[in-house]
Amino acid sequence: HVDPLLESMANASPKVVMVTGGTGLVGMAIKHAVDQERPPHETWVFLSSKDGDLRDMEQTRAIFAKYKPTHVIHLAARVGGLFSNMRSKVEFWRDNIAINDTVLWMCKEYKVQKLVSCLSTCIFPDKTPYPIDETMVHNGPPHSSNEGYAYAKRLIDVQNRLYKEEYGCNFTSVIPTNIFGPHDNYHLEDSHVIPGLIHKCYLAKKNNTDFVMLGTGKPLRQFLYSLDLGRLMVWVLRSYDSVDPLILSVDEEDEVSIGDVTKEIAIAMEFKGNLVQDASQADGQFKKTASNKKLRQHLPHFQFTPFKQAIKESVDWFVSHYDTARK
């Protein structure tokens, strides 16, 4: 059974697809999608930070000279949780601006046929009507807590349009919602909500202690399983050719509360102890609903992995890779 979403690019001329930041959560998910059905005329290269410093133009040039990519998926970024973003706004700005400048310039220099960059929903304006859609990216300032990172990411959309206008480059970007899955970062202080809760639940079960959820559990999020995102990213590379960004998200009615996420993780972990709320902790934004209407116009029948199943697979992966997972 060949996944119709992943049918190889139409003409069979040789392709070299280079993925920057290729060893993280999204990179590994793309690798999983490609491994299901690897067309003979495609070579995929997954870069890690060991391959060179993408902030540096000459090191980046050397990487492009070595692999000569025809297509690039750009995932590499300096990322961190809420608190490191608040502490180091200048560093998040400088590093991400530098990475994006070198990667996009080299894609132009090496006549890359298609570049897909990965943005984040944190780039959207803080004060905005919901649901958010792709036309709203520049309608107001992002939340001040991570403005260094958010503005640097937002500028990729500007760069894509400028490169297309001046050089005819086929550059585009995607904006996924909250991603989770195997190979995530499970650091207890500096991770996103699902991997942080998975790690906490694992320790609570192991140590016979309470499983504590910070905040009221009421905020709603659209969680996107990384293996679904991996398939969608390959589809975008092959089939989506507009310069305008594309939101990759589950449907609006599939928003889940943090409280329900916590319960699903406890069930998947077979945690039998006490589930405790610490309502003294801040909740963050109540909702950030994004519209996937544009995605659905292209892929009306795409089926996302059911949330319960995706959480179970993610928990099982963490438990079986506990010693080597990033934490």
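We're numbering straight along the sequence, starting at 1.
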**Message:** Pair Val158, His138 - check side chain to side chain contact (heavy atoms under 4.5 Å, CB included), show working.
**Reply:** CA-CA 10 Å; Val158 177; His138 303 285; 3.8 Å; yes
**Complete:** Looking only at heavy atoms, the pair that brings Gly181 and Ser226 closest together is CA-OG, 3.5 Å
**Asked** Salt bridge check: are Asp244 and Arg161 linked by an N-O gap of less than 4.0 Å?
**Response** no
**CG on Leu224 to CD on Gln222, rounded to 0.5 Å** = 9.5 Å
**Message:** Hydrogens and angles aside, do Glu255 and Thr289 bring a side-chain donor and acceptor to less than 3.5 Å of each other?
**Reply:** yes
**Request:** Taking the side chain as every heavy atom from C-beta outward, state whether Leu104 and Tyr163 have any pair of such atoms under 4.5 Å apart.
**Result:** yes
**Request:** Please determine if Lys327 forms a cation-pi arrangement with Tyr186, meaning its NZ or CZ atom is less than 6.0 Å from the six-membered ring centre and no more than 45° off the ring axis.
**Result:** no
**Item:** Joint hydrophobic cluster, Met18 plus Ile99, side-chain heavy atoms closer than 4.5 Å
**Value:** yes
**Under 3.5 Å: donor-acceptor pair, side chain of Thr172, backbone of Ser242** = yes
**Asked** Do you know which two heavy atoms are closest between Thr262 and Met213, and how far apart they sit?
**Response** OG1-SD, 3.2 Å
**Request:** Could you please spell out the steps behind the side chain to side chain contact (heavy atoms under 4.5 Å, CB included) verdict for Leu115 and Ser117?
**Result:** CA-CA 6 Å; Leu115 163 68; Ser117 295; 4.0 Å; yes
**Message:** In this structure, would Val174 and Ile30 fall into the same cluster of hydrophobic residues linked by side-chain contacts under 4.5 Å?
**Reply:** yes
**Message:** I'd like to know if Trp105 and Val112 are part of one continuous hydrophobic network [Ile/Leu/Val/Met/Phe/Trp/Tyr, side-chain heavy atoms within less than 4.5 Å].
**Reply:** yes
**Message:** For the OG1 atom of Thr121 and the CZ atom of Arg221, what is their distance to the nearest 0.5 Å?
**Reply:** 8.5 Å
**Item:** Distance in Å, Leu47 CG paired with Leu54 CG, rounded so as to fall on 0.5 Å steps
**Value:** 7.0 Å
**Request:** Check whether any side-chain heavy atom of Val19 lies under 4.5 Å from a side-chain heavy atom of Met233, and answer yes or no.
**Result:** no
**Asked** Are the side chain of Asn96 and the backbone N or O of Phe92 linked by a donor-acceptor pair below 3.5 Å?
**Response** yes
**Asked** So, are Arg296 and Glu252 salt-bridged, with charged N and O less than 4.0 Å apart?
**Response** no
**Message:** Looking at Ile194, is its backbone amide N or carbonyl O close enough to the side chain of His192 to form a donor-acceptor pair, meaning the two atoms are under 3.5 Å apart?
**Reply:** no
**Fill in**
Tightest non-hydrogen contact, residues Leu75 and Cys118, listed as CD2-CB, 3.7 Å
**Fill in**
Ala150 and Ile123 have their tightest heavy-atom pair at O-CG2, 3.6 Å
**Prompt:** In terms of side-chain geometry, is the basic nitrogen of Lys89 or Glu147 positioned less than 4.0 Å from the acidic oxygen of its partner?
**Reply:** yes
**Item:** Backbone N/O of Glu253 and side chain of Asp251: donor-acceptor pair under 3.5 Å
**Value:** no
**Complete:** Looking only at heavy atoms, the pair that brings Pro219 and Thr216 closest together is CD-OG1, 3.9 Å
**Asked** Should the pair Trp317 and His183 be assigned to parallel (<30°), tilted (30 to 60°) or perpendicular (>60°) ring geometry?
**Response** tilted
**Prompt:** How long is the span from the CG atom in Leu203 to the CG atom in Asn208, to the nearest 0.5 Å?
**Reply:** 12.5 Å
**Prompt:** When you look at Phe211 and Val276, which way does the side chain to side chain contact (heavy atoms under 4.5 Å, CB included) test go after all the steps?
**Reply:** CA-CA 6 Å; Phe211 178 24; Val276 183; over 6 Å; no
**Message:** Please evaluate residues Gln113 and Thr70 with respect to the criterion side-chain hydrogen bond (donor to acceptor under 3.5 Å, both in side chains), reporting the C-alpha separation (whole Å), side-chain torsions for both, the decisive distance (0.1 Å), and the verdict.
**Reply:** CA-CA 6 Å; Gln113 294 166 32; Thr70 59; 4.7 Å; no
**Prompt:** Can any side-chain N or O of Gln59 pair as donor or acceptor with the backbone N or O of Arg55 at less than 3.5 Å?
**Reply:** no
**Asked** After noting the C-alpha distance and the side-chain angles of Leu119 and Phe124, does the key distance pass the side chain to side chain contact (heavy atoms under 4.5 Å, CB included) rule?
**Response** CA-CA 10 Å; Leu119 310 185; Phe124 283 113; over 6 Å; no
**Phe302 side chain near Leu248 side chain, heavy-atom distance below 4.5 Å** = no
**Request:** Test side-chain hydrogen bond (donor to acceptor under 3.5 Å, both in side chains) on Asn207 and Thr209 and set out the steps.
**Result:** CA-CA 5 Å; Asn207 301 329; Thr209 52; 5.1 Å; no
**Prompt:** What is the distance from atom CD1 of Ile132 to atom NZ of Lys287, rounded to the nearest 0.5 Å?
**Reply:** 10.0 Å
**Asked** Are any of the side-chain nitrogens in Arg94 or Glu91 under 4.0 Å away from the carboxylate oxygens of its partner?
**Response** no
**His199 NE2 to Asn185 CG distance, which is reported to the nearest 0.5 Å** = 10.5 Å
**Message:** Once you measure the plane-to-plane angle for Phe318 and Tyr202, does it fall in the parallel (<30°), tilted (30-60°) or perpendicular (>60°) bin?
**Reply:** perpendicular
**Request:** Look at the side chain of Lys108 and the backbone N and O of Gly168, then say whether any donor-acceptor pair between them is shorter than 3.5 Å.
**Result:** no
**Request:** Apply ring pair (Phe, Tyr, Trp, His ring centres under 6.0 Å) to the pair His298 and Tyr240, showing each step before the final yes or no.
**Result:** CA-CA 9 Å; His298 290 278; Tyr240 177 78; 5.5 Å; yes
**Item:** Met136 vs Asn139 side-chain heavy atoms within contact, under 4.5 Å
**Value:** yes
**Request:** Examine Phe223 and Met269 and state if one hydrophobic cluster contains both, with Ile, Leu, Val, Met, Phe, Trp and Tyr joined whenever side-chain heavy atoms are less than 4.5 Å apart.
**Result:** yes
**Asked** So, does Ser257 use its side chain to make a donor-acceptor pair with the main chain of Lys218 at under 3.5 Å?
**Response** no
**Asked** Side chains of Tyr225 and Ile311: closer than 4.5 Å at any heavy-atom pair?
**Response** no
**Message:** To check you understand the geometry: which heavy-atom pair defines the closest contact between Pro131 and Ala290, and what is its length?
**Reply:** CB-C, 4.2 Å
**Request:** Verify the distance criterion only: is there a donor paired with an acceptor across the side chains of Asp228 and Thr305 at less than 3.5 Å?
**Result:** yes
**Request:** Would you mind reporting whether Phe171 and Cys107 have side-chain heavy atoms less than 4.5 Å apart?
**Result:** yes
**Asked** Does a donor on one side chain sit under 3.5 Å from an acceptor on the other, for Asp278 and Ser280?
**Response** yes
**Item:** In one Ile/Leu/Val/Met/Phe/Trp/Tyr side-chain cluster, 4.5 Å: Leu227, Val234
**Value:** no
**Prompt:** Any side-chain heavy-atom pair from Leu25 and Phe180 closer than 4.5 angstrom?
**Reply:** no
**Prompt:** Are any non-hydrogen side-chain atoms of Glu134 and Leu246 less than 4.5 angstrom apart?
**Reply:** yes
**Asked** Name the one of Gln159, His74, Lys153 that satisfies side chain to side chain donor-acceptor pair (under 3.5 Å) with Asn100?
**Response** His74
**Asked** Just wondering, are more than 12 heavy atoms of other shown residues or ligands nearer than 6.0 Å to NZ in Lys205?
**Response** yes
**Request:** May I ask you to check whether over 12 heavy atoms, not counting those of Lys294, lie within 6.0 Å of atom NZ?
**Result:** yes
**Under 3.5 Å: donor-acceptor pair, side chain of Asp210, backbone of Val212** = no
